[in-house]
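As structure tokens, the structure follows; a few thoughts come after it.
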There are 2 protein chains.
Amino acid sequence: MAVTIHEVARAARVSVSTVSRAFGSPEVVNAETRRRVLAAAERLRYRPNRAARGLITGRTGNIGVIVPDLENPFFHGVLKGVQSRAREADQWVFLADSGEDPTIEHELVMQLSKQVDGILLCSSRMRTAQLEQAAAERPLVFLNRKVPGSPSVLMDSAGGGRQIVAHLAGLGHRSFAYLSGPRTSWSNRERRRGLRTAAAREGLEIVELGPYVPRFEAGGEAADTALERGVTAIVAYNDLMALGVLARFAERGVGVPEDCSVSGFDDAPMSTMTTPSLTTVALPKAEAGRAAVDALLGLLDNGDGSERRNDLATRLVVRASTGAPRANRRARTPRKRARMTMSDPV
Amino acid sequence: MAVTIHEVARAARVSVSTVSRAFGSPEVVNAETRRRVLAAAERLRYRPNRAARGLITGRTGNIGVIVPDLENPFFHGVLKGVQSRAREADQWVFLADSGEDPTIEHELVMQLSKQVDGILLCSSRMRTAQLEQAAAERPLVFLNRKVPGSPSVLMDSAGGGRQIVAHLAGLGHRSFAYLSGPRTSWSNRERRRGLRTAAAREGLEIVELGPYVPRFEAGGEAADTALERGVTAIVAYNDLMALGVLARFAERGVGVPEDCSVSGFDDAPMSTMTTPSLTTVALPKAEAGRAAVDALLGLLDNGDGSERRNDLATRLVVRASTGAPRANRRARTPRKRARMTMSDPV
DNA sequence: GACCTGACTGAAAACCTTTGCAATCATCTC
DNA sequence: GAGATGATTGCAAAGGTTTTCAGTCAGGTC
């Protein structure tokens, strides 16, 4: 059923070697012969079997991508970039979802190794020592993770943090809360670092809360805590949490940004869809995906195993959720919740 | 570098055939021998080369998945389901994004064919005739698309539409607007069909607007148009559009659900994150993804090329964006926008 | 004791490519 | 005109696995 190189060879009245060369090293085969071969291939709709090719060349033409959670919006942009760059380079991508489980992640890496030329590990949940070992045995590139000796593409989260602080300071804020993400997260450490250095420089007070699991629901709780601490602005670890804050504030009647400014990190698609829309640090997700594929390809071609780091710039996107604080600050009482519920004491 | 079946054979002092059998047909090899082989394989960390295996068995153990747009939240849930079912069946998934372009989609199918056992086409943008032809040459399964002669998994969008109408009718609405999606979309036709039949039964008037490109921005425009038509409820083609409606209403000071109820289709993650949260028809995305993989596997194993259809139930999720209409309806004037802008006439 | 059976194992072919090596042939060089 | 050169092509091996076929050997049957 599937047409092979042999049938093309027969149709073009040449040997299989010539067919192979007509595709792989055109300069070495006679122009007229090549034309004949290509015509035959076209007519027969020949597509080389990449598995068979890989068997001998040692290159599969495939790359593996492992993400912790396919439903996390951050990875969609990354995947989009990976995908488009991979297509340009005529590579195919194997995708797998580790379900945030380091054990599964490791197992996936093992299983995938034989089938791909290299693997891109996004926001890996594995321990660094384990990653170093895994990277020693196969080409690995990391996204949003720093692993000694391995290429990685990182986003300048710290710079994003500094931009937020500058923005808040410019608006007249004197203090803000940071809703911390997972303690083991590299991104969280970086974001905190950026916020801290800028806060110190600008003379802002920073109230650290958390760590929280970086989800929408956690934003709600965190919002309550932050309000009690009397800050005029909240910076969340990511947009999901920031959206949670927004929702809770809307529910409690806390005005954003009049009563409290809110911002996040990611520039997730939904950040534009809320009212007010969310001020956030845009991460170059697609660009990072493309850069990661480039790094992987470089690693494969040049054997360039050096610890090439690729730091991508981030950019604060100011939307409607941040503004100047009210003049009378501290110990502000939020408006009462609009509707009463049956269980309210009379 | 990579350990092959030969090294395992040597280590276990057996032939490669025996090693192969120890894995593939355990019942035929002596228990003690098998133990030895497995131990050697374990020790050497042997993983079979699936490409080489595929060369001879004709099965690659891979399936291809093509989606129109990786950033469309609908596909994330689907992908998650595909992924998990594929892992269970020890299959790997090749992922590709057609960028909504039927030509690219077709090219992807062609290129991918040799590398996978079958392909899952999600919400294909190709013409039906083209799909039928493509399906004749390789195992194809469709998600959210009906193609004569091919297995497909569909979601009961029409049923979802009926549920919405029943819900609105129960709340006392007498009319609603439907913001139509792409005219060529199967889902759109189905949703409209469901809405229509239920509306006729319940005696509701239905105002059809559009078609719109089903994005957030389109929801904004559509919202304005719908308000002018004086409806008390809006049903959007999908959540993205519904969210656009919500945002525009918030901006214009139109109360949801007091002034107008809003609902969508998809139950996208962000539907819970807005205020008010969105009433919507939940589609069994992950379940559909799993079912699609099952259908594909069935097609491969049984050669079961019959037009097996898999219709999955949908379920209305009532949240805060729908409610009873005000008694005094028709020609309601929305509250003025809160803030004035510099360009406002004085 | 000759023969058969059944359980187990190994040799080798096959899958589809790429590529090193050798062969052919025409064209140059001196 | 002999030998060298260069362009073009084909043969065959190789890559890692599965599977067919044949072989070995122990135990049973008559």
Side-chain angles (χ1 to χ4, degrees), chain A residues 1-38 40-41 44-62 90 92 110-117 138, chain B residues 1-38 40-41 44-62 90 92 111-117 138 300:
Chain A
M1 169 153 190
V3 25
T4 78
I5 200 173
H6 286 92
E7 332 201 23
V8 178
R10 188 140 38 82
R13 303 171 176 285
V14 295
S15 72
V16 293
S17 331
T18 303
V19 177
S20 176
R21 279 187 283 250
F23 287 104
S25 8
E27 69 287 358
V28 88
V29 26
N30 179 285
E32 158 60 16
T33 313
R34 174 150 191 271
R35 205 196 46 69
R36 225 169 57 233
V37 170
L38 262 34
L44 269 47
R45 296 167 188 266
Y46 168 70
R47 307 262 170 175
N49 181 323
R50 298 180 67 150
R53 171 188 296 172
L55 211 48
I56 178 156
T57 62
R59 285 281 287 262
T60 62
N62 303 329
D90 196 27
W92 284 93
M110 300 294 285
Q111 291 187 16
L112 206 45
S113 293
K114 274 277 184 58
Q115 308 186 59
V116 300
D117 299 330
R138 63 188 67 71
Chain B
M1 172 154 188
V3 24
T4 77
I5 200 174
H6 285 93
E7 331 201 21
V8 178
R10 189 141 38 80
R13 302 173 176 286
V14 294
S15 72
V16 292
S17 330
T18 303
V19 177
S20 176
R21 280 189 282 250
F23 287 103
S25 10
E27 70 285 358
V28 88
V29 27
N30 178 285
E32 159 59 15
T33 312
R34 173 149 192 272
R35 206 197 44 70
R36 225 169 58 232
V37 170
L38 262 33
L44 269 47
R45 298 167 189 268
Y46 167 70
R47 308 261 170 176
N49 181 324
R50 298 181 65 149
R53 171 187 297 171
L55 213 47
I56 179 154
T57 61
R59 285 281 287 261
T60 62
N62 303 329
D90 195 28
W92 284 93
Q111 291 187 14
L112 206 44
S113 293
K114 273 278 186 54
Q115 309 186 57
V116 299
D117 299 330
R138 61 187 70 68
L300 296 175

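In this text, all values refer to a predicted model and were calculated from it rather than measured experimentally.
- Taking atom CZ of residue Arg34(A) and atom C1' of nucleotide dT9(D), one finds them 16 Å apart after rounding to whole Å.
- Considering every non-hydrogen atom in both Val19(A) and Ala9(A), the closest pair reads CG2-CA, 3.6 Å.
- The two residues Val3(A) and Lys114(B) make their nearest non-hydrogen contact at O-NZ, 3.3 Å.
- Using a 4.0 Å cutoff on non-hydrogen atoms, the parts of residues 17-24 of chain A near DNA chain D are Ser17(A), Thr18(A), Arg21(A), ordered by number.
- Here dT8(D) presents its C1' atom at 12 Å from CZ of Arg36(A), a figure rounded to the nearest Å.
- If you take OG on Ser15(B) and NE2 on His6(B), they are separated by 9.5 Å, rounding to the nearest 0.5 Å.
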Distances under 3.5 Å between nitrogen or oxygen atoms of protein and nucleotides 22-28 of chain C:
none

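- Between the CD atom of Glu7(A) and the P atom of dC15(C) there is a distance of 11 Å, given to the nearest Å.
- Within the structure, every pair that satisfies the salt bridge (charged side-chain N to carboxylate O under 4.0 Å, His left out) test and touches residues 44-54 of chain B, not counting sequence neighbours, is listed here: Glu107(A)-Arg47(B), Arg50(B)-Asp90(B).
- The interatomic distance linking Ile56(A) (CD1) with dC16(C) (C1') rounds to 10 Å, in whole Å.
- Here CD of Glu7(A) is found 4.5 Å from OG1 of Thr4(A). Values are rounded to the nearest 0.5 Å.
- In this structure, CD1 in Ile5(B) is found 12.0 Å from CG in Leu44(B), a value given to the nearest 0.5 Å.
- Here the CD atom belonging to Gln115(A) is positioned 5.5 Å from the CG atom belonging to Asn62(B), to the nearest 0.5 angstrom.
- Following rounding to the nearest Å, Ile5(A) (CD1) and dT19(C) (P) show an atom-to-atom distance of 11 Å.
- Of the candidate nucleotides dT17(D), dT18(C), dC11(D), dT17(D) has the atom nearest to the side chain of His6(B).
- If you take CD of Gln115(A) and P of dT17(D), they are 12 Å apart, rounded to a whole angstrom.
- Comparing Ser15(B) and Lys114(B), the nucleotide of DNA chain C nearest to each residue sits closer to the 5' end for Ser15(B).
- Using a 4.0 Å cutoff on non-hydrogen atoms, no part of residues 46-54 of chain B comes near DNA chain C.
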Identify every side-chain donor-acceptor pair in residues 24-37 of chain B under 3.5 Å, counting partners at least two apart or on other chains, and give the distances.
from, atom 1, to, atom 2, distance (Å)
Asn30(B), OD1, Glu32(B), N, 2.8
Asn30(B), OD1, Thr33(B), N, 3.2
Glu32(B), OE1, Arg35(B), NE, 3.3
Glu32(B), OE2, Arg35(B), NH2, 3.4
Arg34(B), NE, Ala22(B), O, 2.9
Arg36(B), NE, Ala12(B), O, 3.1
Arg36(B), NH2, Ala12(B), O, 2.9

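- Interatomic distance, CG of Asp117(A) versus OG1 of Thr57(A), reported as 8.0 Å (0.5 Å rounding).
- With sequence neighbours left out, Ser113(A) forms a side-chain hydrogen bond (donor to acceptor under 3.5 Å, both in side chains) with Arg138(A).
- Comparing dT19(D), dC16(C), dA11(C) against the side chain of Leu55(B) picks out dC16(C) as the nearest.
- Remark: Thr4(B) is not in phosphate contact with dG15(D), judged by side-chain N or O atoms under 4.0 Å from OP1 or OP2.
- For the pair Arg10(A) CZ and dG10(D) C1', the computed distance is 17 Å after rounding to whole Å.
- Per the geometry, CZ belonging to Arg59(A) stands 12 Å off P belonging to dT19(C), to the nearest Å.
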